[in-house]
Amino acid sequence: MIKLNHLTKSFNSLVAVNDVCLEIPPGELFGFLGPNGAGKTTTIRIMAGLIQPSSGSAVIDSWDISRNPVEAKQITGFIPDRPYLYGKLTAQEFLRFISGLYHVPPEDTEGRIAQLLELFNLTPWGDELIEGFSHGMKQRLVMASALIHKPRVLIVDEPMVGLDPAGVKLVKRIFRGLCETGVTVFMSTHTLEIAEEMCDRIGIIQDGRLIAVGNVKELKETSGAVGKRLEEIFFKLTGEDKLGELVETLRP
Amino acid sequence: MNQVVCLLYPKIVGFKNRLSIKDRSVIIKLALGITLGLCFWAGIFAVFYRVLVYLKGIEALGDILAAKLLSMVFITFLSLLIFSNIITALSAFFMSEELQLIISSPVDNASLYGTKLLETMVNSSWMVLLFSLPVFLSYGIAYKQHLLYYCVLIGTMIPFIIIGAILGTGIALGLTIVFPAKRIKDIMILLSLILGIALYCLFRYVQPEKLVDPESFRTVVEYFASMEAPTSAFLPSQWATDAVAALLFRGHDGALFSLLLMWSTGLAGMVLLQRFIEKFYFAAWTKSQEASSAKLSRHTVVKRMLNRMLTKLPAPARSVITKDLYCFMRDSSQWSQLLVLSAIIFIYLYNFSVLPLEKSPFPTIYLQNFISFLNLGLAGFTLSAVAVRFAFPAISIEGESFWIIKAAPLDLRRFMWCKFWLNFVFLLVLAEGLIICSNYLLRVGSFMMLVSSVTIALMTFGITSLSIGCGAIYPRFDVENKAQIPTGFGGLIYMILAIVFIGIVIVLEAGPVYMVLMAQLRRASLQTVQLIKIGIAFTAVLVINAFVFYLPMKIGIRKLSALEKY
């Protein structure tokens with residue numbers, strides 16, 4: 001469903017994403033992990049069609065995002081890490097706007113909006129301007145907008161930031177439910193417990209390179225950290241297992 | 001004091017860093033800005049100097065008029081300072097992003113007050129101060145003043161600015177205790193706009209052209225005689241006028257008293273405001289945090305009307321246009337500019353209705369058509385100025401939400417053309433309205449009516465394309481205040497290109513229009529050579545219009561597609 005072929009992105013001399021190759025089948029929930037500045041968001045932004053790769057390609061259901069952006073975007077839902085929205089629209093108007101952009105049939109639009117507002121507990125705020133929303137409410141509205149056209153691929157950058165525990169639980173259920181219906185979810189996160197609990201497979205990126213891919217069991221074997229938790233595997237793979245010593249130096 | 005310096009440190013370093021950027025485009029922008037500023041500065045000086053020299057030549061009445069002018073200058077400056085300080089203080093004391101950090105740090109109220117007052121004062125006053133210099137310099141030179149005048153002037157301006165800042169900040173704080181900060185800023189922007197428009201219309205109604213008309217001179221004398229009534233003695237602007245006028249017209253009499261009045265008021269105001277802030281600031285800050293925008297009224301009628309009007313459009317285009325219209329209607333910084341536009345149209349047409357064509361030594365029919373042709377350039381310029389406010393920001397107003405458009409299955413070409421047509425329709429109605437109404441008021445012939453309406457329609461294509469295209473080439477997605485979008489480098493480039501474009505079209509059409517008009521005047525028919533020249537000129541106009549219509553949009557689409565920030 002998602003195929004990254006030697007995906008590379010450079011910003012002047014900095015190589016943010018370096019020759020990443022990856023294939024994700026339909027219905028899989030894929031977790032994308034990496035330290036800050038590793039290249040997660042850049043990869044996601046290329047997949048969402050926000051930026052062009054320097055070389056290589058990102059293919060969504062046989063559509064190359066660079067060559068056939070409209071077709072690829074039509075079947076993709078994108079949830080960014082920072083929910084910048086049009087503050088002067090109400091939640092309902094915003095969802096109507098997104099429905100128009102994604103060609104949702106007019107006869108389905110209102111029903112779908114009501115359903116999604118209900119699902120994300122936003123019904124009481126449907127007629128309120130978005131500028132008055134909290135970060136968590138905006139995040140939930142972005143999620144609702146990403147699902148309004150029933151995408152076959154969902155690309156998510158840090159979905160749990162700003163959500164309350166109920167919101168986190170809801171999102172987990174929704175993502176798992178979507179995968180069961182064949183939707184592919186590509187999710188970047190810093191919360192390793194969530195990745196361990198939710199994801200079918202996990203990819204770890206560091207300095208722009210994909211250094212490990214597999215399910216938790218396979219990652220344990222790769223890192224030689226059998227029996228340990230994902231957090232320790234992650235630190236071992238990314239070379240940040242010496243963090244403890246550094247933390248010690250901060251003691252007053 | 002240390003804390004004040006510490007709090008000001010990011011501002012000072014940030015300003016220094018902005019200046020030390022070695023990016024070529026930043027240097028060009030700065031150079032252009034300084035050149036334009038200097039031209040404007042020199043213009044103010046030249047106008048005031050000429051007026052003052054003229055007034056000085058009028059016996060008895062001259063000094064009264066110059067003093068009255070000085071008083072008007074100070075009143076205008078004080079109003080500008082108070083308004084500008086209210087708006088800046090609302091941002092500095094309540095809406096600035098750094099406040100979360102500062103208020104959560106162990107910073108005492110006095111330091112916060114000192115820093116924010118200084119910030120408000122500098123941000124609101126530097127421009128007034130800068131552009132007041134040529135005015136006062138022209139007074140000094142015209143009335144041959146020495147060093148003492150300039151010392152008194154500095155001694156007057158410092159407390160004058162402090163008083164403006166204290167009044168503005170005090171009013172802002174008082175309002176925030178009662179109303180949510182966000183709404184006050186909107187209301188103040190609207191009020192200042194209305195004030196500006198009212199002053200502009202009032203000035204036009206006075207018909208300053210009559211000042212040079214000897215027939216109405218007696219009336220003007222009577223008018224100024226009635227203005228000799230004293231202005232309120234409680235206004236700081238009057239104290240400032242008295243201090244400066246004492247040196248200019250009365251040989252120092254009363255200057256010291258006025259200066260002391262200003263300094264004592266300014267310093268006492270600072271102490272009082274500090275007490276006020278210590279007592280009420282935190283409560284007002286808390287209120288500003290709790291307040292969100294007013295509840296939205298549900299525009300069912302508007303919604304239905306829009307749906308009907310746009311029903312034939314494809315769904316994505318309909319969505320983009322509907323969204324743009326809703327955002328426009330709800331953003332006071334955008335829709336309030338319609339008020340300015342209405343004032344421009346009103347004054348524009350009013351000017352044509354009062355033109356004394358019949359008093360001219362030239363044949364009326366010639367003059368009517370000549371002015372109508374010049375009007376084409378003026379209308380084009382007005383259209384460009386309106387487009388820089390409404391069409392140029394069309395891309396940038398997407399703001400940080402532009403990712404939604406980029407991530408959507410919407411071709412950016414189609415998105416840009418949506419923006420183009422939405423603005424084109426609005427600008428075309430305005431352009432044709434201006435041209436047809438002004439031509440009607442001028443009572444021009446059918447040839448000029450046809451030429452000017454077709455030309456302005458063609459130019460509207462070019463001007464809309466230029467504004468949308470330049471807006472896409474130089475987008476400003478991160479501007480907090482949408483009204484600031486046109487004030488950047490892109491806006492300047494657009495205005496220069498638009499003026500050059502209008503100029504070329506006018507120059508190309510001037511010859512053919514002259515030939516036709518002269519032939520009409522002499523009741524002669526056009527020769528073959530003239531017809532060929534006319535044909536070539538109008539073809540060139542068509543080609544240039546097509547070029548300006550096509551190219552900016554093309555480059556804009558390309559630049560926007562390649563933009564990697566969003």
Side-chain angles (χ1 to χ4, degrees), chain A residues 9 11 42 44-54 63 65 68-90 92-106 109 127-134 142 145-146 149 151 155 157, chain B residues 180 182 290-300 303 306-307 310-311 313-335 397-415 418 477-478 482 561-566:
Chain A
K9 178 67 188 176
F11 296 103
T42 305
I44 279 184
R45 285 159 68 79
I46 295 172
M47 289 166 68
L50 295 180
I51 54 174
Q52 288 276 337
S54 304
W63 300 109
I65 188 76
N68 304 94
V70 174
E71 290 80 357
K73 288 171 184 177
Q74 183 59 54
I75 53 165
T76 307
F78 172 54
I79 303 168
D81 55 343
R82 285 175 298 174
Y84 287 117
L85 303 171
Y86 299 99
K88 296 288 177 195
L89 295 188
T90 64
Q92 285 195 25
E93 286 165 354
F94 176 69
L95 292 176
R96 236 170 257 139
F97 164 64
I98 297 292
S99 304
L101 289 185
Y102 283 82
H103 302 94
V104 176
T109 305
D127 272 337
E128 298 293 327
L129 290 187
I130 296 170
E131 65 185 20
F133 281 19
S134 69
V142 173
S145 74
H149 60 295
I155 299 169
D157 197 0
Chain B
K182 270 189 180 179
E290 289 164 2
S292 64
S293 245
K295 280 194 178 174
L296 177 76
S297 54
R298 292 165 177 79
H299 305 282
T300 342
K303 274 180 187 171
L306 277 177
N307 281 345
L310 304 171
T311 190
L313 292 174
R318 196 168 57 230
S319 283
V320 171
I321 293 174
T322 312
K323 184 265 296 169
D324 276 0
L325 290 173
Y326 282 166
C327 289
F328 180 82
M329 285 189 282
R330 289 164 192 175
D331 190 344
S332 61
S333 70
Q334 289 189 64
W335 64 257
I397 50 167
E398 295 296 325
E400 306 270 17
S401 312
F402 187 58
W403 68 268
I404 296 168
I405 302 296
K406 274 206 112 175
L410 174 71
D411 191 356
L412 275 182
R413 191 172 287 118
R414 183 180 262 191
F415 168 74
C418 280
F477 292 119
D478 48 1
K482 304 273 193 290
S561 307
L563 190 74
E564 299 225 314
K565 198 180 165 194
Y566 295 89

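Worth saying up front: this structure is predicted, and the values here are computed from it rather than measured. Throughout, protein chains are lettered first and strands after them, A, B, ... in sequence-line order, and every chain is numbered starting at 1.
- Remark: A/Arg96 pairs with A/Gln92, A/Glu110 by the side chain to side chain donor-acceptor pair (under 3.5 Å) rule, at least two apart or across chains.
- Residues passing the side-chain contact (heavy atoms from CB on, under 4.5 Å) test with A/Ser134, sequence neighbours excluded: A/Met137.
- For the atom pair B/Ile405 CD1 and A/Phe97 CZ, the distance stands at 4.0 Å (nearest 0.5 Å).
- In terms of modelled atom types and a separation under 3.5 Å, the side chain of B/Lys406 and the main chain of A/Ala48 share no donor-acceptor contact.
- Once rounded to the nearest 0.5 Å, the distance linking CD of A/Glu93 with OH of B/Tyr326 reads 5.5 Å.
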Can you check side chain to side chain contact (heavy atoms under 4.5 Å, CB included) on A/Lys88 and B/Phe328, steps first, answer last?
CA-CA 9 Å; A/Lys88 296 288 177 195; B/Phe328 180 82; over 6 Å; no
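- Note that CD of B/Glu398 is 3.5 Å distant from OH of A/Tyr86, once rounded to the nearest 0.5 Å.
- Each of A/Arg82, A/His149, A/Glu71, A/Lys9 has some count of heavy-atom pairs under 4.5 Å with chain B, and the biggest count is that of A/Lys9.
- Ranked by heavy-atom pairs shorter than 4.5 Å toward chain A, the options B/Val320, B/Leu410, B/Thr322 are led by B/Val320.
- Atom OG in B/Ser319 sits 9.0 Å away from atom NE2 in A/His103 (nearest 0.5 Å).
- Closest of all the heavy-atom pairs between B/Ala407 and A/Phe78 is CB-CD2, 3.9 Å.
- For the residue pair A/Tyr102 and B/Pro409, the shortest heavy atom distance occurs at CE2-CD, 3.2 Å.
- With a 4.5 Å cut-off on non-hydrogen atoms, A/Val104 does not touch chain B at all.
- Rounding to the nearest 0.5 Å places CD1 of B/Ile404 at 8.5 Å from CG of A/Leu101.
- Within the model, atoms CZ of B/Phe402 and CG of A/Leu50 stand 9.5 Å from one another, a figure rounded to the nearest 0.5 Å.
- Heavy atoms closer than 4.5 Å to chain B are found in the side chain of A/Ile98, but not in its backbone.
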